[in-house]
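We count ligands from 1, going down the list as the structure has it; atoms in each ligand are counted the same way.
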Amino acid sequence: MKPRIVILGGGIAGLAAAIGLVRRGYPVALIERDPPPPADEDLDPFLAWKRRGVPQFRLPHGFSARARTLLAEHAPEVLDRLRADGIEEVNVFKTFTPAEFVRPSDDEFTVVWARRSAFELALRRCAEAEPGITFLCPELAGGLSFAQGEPRVTGVRLADGREIATDLVLDCGGGRSRTSRWLAAAGVHVPADTQDCETVYFSRYYRFTPGCALPRNAMLLRGELESLMYIGFPGDHDTFGLCFEVHPSEEDLRPLRNTWAWEAAARSIPDLAPWIDPANATPLDGIQIMGGHHNARRYFVVDGRPVVTGLLPVGDALCTTNPAYGWGASMALTYAFAAAEAVAAHENDPVAMALAYDAATATEADAVYRESAAMDRARIYRITGQEVPEHDRAEMERQRLIAEGVAAGVLSDVELSRAFCRRINLTGPADAVINNPDLVLRAKDNLRERAARPPVESGPDIQRLREIVLTAEPTLESSPA
Ligand SMILES: Cc1cc2nc3c(=O)[nH]c(=O)nc-3n(C[C@H](O)[C@H](O)[C@H](O)COP(=O)(O)OP(=O)(O)OC[C@H]3O[C@@H](n4cnc5c(N)ncnc54)[C@H](O)[C@@H]3O)c2cc1C
């Protein structure tokens, strides 16, 4: 008999898992606390879709090439929908690499340029078109039910007290999913590794003014002023996001939450100034702020046994990485389709299902967690001036080689550029970027060259930026369109 399946959470992982399961012949009920997207397709979902359950909904997202490849393989109509919605597919590697060096396999670096709202809407509409998916939405899940005396999930309790009996729950509740707490209350411990990302986002989306001549590729900007990093995110429908990521100890930069201080900071940085010039772009909304980011890896299989059956953690509920690296959505899709596969392979054997899912996902979840946490430690040691402890030195050297040695070759060395693109796009294992000894030598040469070159000063230093932010005067804000 087919298992009764409930998906808890209808974000990226939940929608993809629902599509993956229904395609394999499993009807599902999907519980999502937020309301559905507005029916009026003319409304911009970025502003019109109310997503309290996804605090990052209006914060910048870039979708790695892995996400596009997974959709092409498992749910191509999501890509069709994105295309029909006018969303661009872009291969920056191919754009910047001389044609004679481009190989057919470089198509693997093609990405979609979309805001989170457009990407998720495409997934949602495709899921809605599936008669096998029943949406319980808006509906808040408030707990789980368990079999008497054994760690086996038998139902989901809704916040209003109703219960939905089920054989399997896919926990797609995101990084803030309450499932681990519900399990703990039932005596089931889910071990976890966590590491604070120590970063706060202050971001804003804009729309290009018609006829704006700024080259869209140049939007992929990234720069660092000690404790502050800035990143540009190309979006859909002539939009783009700009984000400051700031270390939480930077009290003087907290006024960045105010439009006038944020704009003063952006105006003072030559890379950013043209993008916020009212002649070129108009803001879509106010400053979006989000802190409290953590890397987290939760272990639902310990010593070769599932800690609970009837429950598979999918997406951020299984593993969360620092959003700055842009891996979360593609890993959510990876886990979602792997979960559907494990269900299909072991529909009536919950232990075998949990083990198969773990076998399909654990190595990669471990790798992205390790890499994300290590990149964060490298940044945190640098910003806080802490001495790198002995046990972390080799790893920090490795991270430096990737972040500086490999990245420095992106525009001058096709193989280093490919290695770099593979890492950021997760088209190969996250930790494999410098496994090739020849590339390691070239990356080391780059490090030596960099060290010998005087730093290029452009724009304010961090102390000057603090002053600019602290002294920025409230102005008549450029109001969102
Ligand atoms: C600031 C920020 C920027 C990011 N930028 C990027 C990026 O550039 N690229 C990238 O790939 N990733 C990025 N990410 C990560 C990405 O957003 C996540 O990895 C991805 O959304 C994970 O998908 P998910 O489905 O697991 O969780 P979510 O997308 O968070 O979805 C969880 C869903 O579960 C619902 N839910 C939760 N609890 C309940 C409940 N009790 N009852 C009912 N419904 C519930 C929520 O409402 C929500 O819809 C970013 C994250 C943040 C925080």
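Close contacts between ligand 1 and Gly173 involve ligand atoms 32 (C), 34 (O), 37 (C) [criterion: under 4.0 Å to a heavy atom]. Those atoms of ligand 1 that come under 4.0 Å of a heavy atom in Val54, given as number and element, are 48 (C), 49 (O).
Among Asp316, Ile31, Leu158, the residue whose heavy atom lies nearest to atom 26 (O) of ligand 1 is Asp316. Comparing Ala16, Gly175, Ala13 against atom 24 (P) of ligand 1, the shortest heavy-atom distance belongs to Ala13.
In this structure, atom 4 (C) of ligand 1 lies nearest to the protein heavy atom Pro323 CB, 3.3 Å. Nearest protein neighbour of atom 41 (N) of ligand 1, counting heavy atoms only, is Ala141 O, 3.0 Å. Among all protein heavy atoms, the one lying closest to atom 27 (O) of ligand 1 is Gly174 CA, 3.4 Å. In terms of protein heavy atoms, atom 32 (C) of ligand 1 is closest to Cys172 O, 3.4 Å. Residue, atom and distance of the protein heavy atom nearest to atom 16 (C) of ligand 1 are His61 NE2, 3.6 Å. Ranking protein heavy atoms by distance to atom 28 (P) of ligand 1, first place goes to Arg116 NH2, 4.0 Å. For atom 31 (O) of ligand 1, the nearest non-hydrogen atom of the protein is Gly11 CA, 3.5 Å. Of the protein's heavy atoms, Gly62 O, 2.7 Å lies nearest to atom 9 (N) of ligand 1.
At a heavy-atom cutoff of 4.0 Å, ligand 1 is contacted by the side chain of Asp34 but not by its backbone. If you look at His293 next to ligand 1, the close heavy atoms, those under 4.0 Å, all belong to the side chain. With a heavy-atom cut-off of 4.0 Å, Arg33 touches ligand 1 through backbone and side chain alike. Contact annotation: for Ala329 versus ligand 1, heavy atoms closer than 4.0 Å belong to both the backbone and the side chain. Only side-chain heavy atoms of Gln56 come within less than 4.0 Å of ligand 1; its backbone N, CA, C and O stay farther off. If you look at Ala67 next to ligand 1, there are no close heavy atoms at all, none under 4.0 Å. If you look at Met331 next to ligand 1, there are no close heavy atoms at all, none under 4.0 Å. Contact annotation: for Phe63 versus ligand 1, there are no heavy atoms closer than 4.0 Å.
Both the sub-6.0 Å distance and the 45° axial angle are satisfied by Arg216 relative to the ring of Phe208. In this structure, Arg115 satisfies the cation-pi test against Phe46, with its NZ or CZ atom closer than 6.0 Å to the six-membered ring centre and inside 45 degrees of the ring normal. Arg124 forms a cation-pi arrangement with Phe135, by the criterion of a distance under 6.0 Å to the ring centre and an angle within 45° of the ring axis.
At distances below 3.5 Å, at least one donor-acceptor pair connects side-chain atoms of Ser372 with backbone N or O atoms of Asn322. Looking at Trp262, its side chain does come within 3.5 Å of a backbone N or O of Phe202 through a donor-acceptor pair. Of the possible donor and acceptor atoms, one in the side chain of Arg66 sits under 3.5 Å from a partner among the backbone N and O of Leu426.
A distance below 6.0 Å separates the ring centres of His293 and Tyr201. Outside the 6.0 Å centre-distance limit, the rings of Trp275 and Tyr206 are not counted as a close aromatic pair.
For the salt bridge (charged side-chain N to carboxylate O under 4.0 Å, His left out) with Arg207, the lone residue among Asp238, Asp44, Asp285 that qualifies is Asp44. When Phe420, Phe96, Phe93 are each tested for a ring pair (Phe, Tyr, Trp, His ring centres under 6.0 Å) with Phe109, only one passes: Phe93.
Between Val153 and Gly310, the shortest heavy-atom distance links the atoms CB-O, 3.6 Å. Across Ala265 and Val469, no two heavy atoms sit closer than the pair CB-CG2, 3.9 Å. The minimum heavy-atom distance between Leu168 and Leu311, with the atom names listed, is CD1-N, 3.9 Å.
Using cut-offs of 30° and 60° on the angle between ring planes, the pair His74 and Phe337 is parallel.
Of the polar atoms of Pro60, at least one N or O is found under 3.5 Å from an N or O of ligand 1, judged by distance alone. The shortest N/O to N/O separation between Phe233 and ligand 1 does not fall below 3.5 Å.
Ligand 1 lies nowhere less than 4.0 angstrom from a heavy atom belonging to Glu120.
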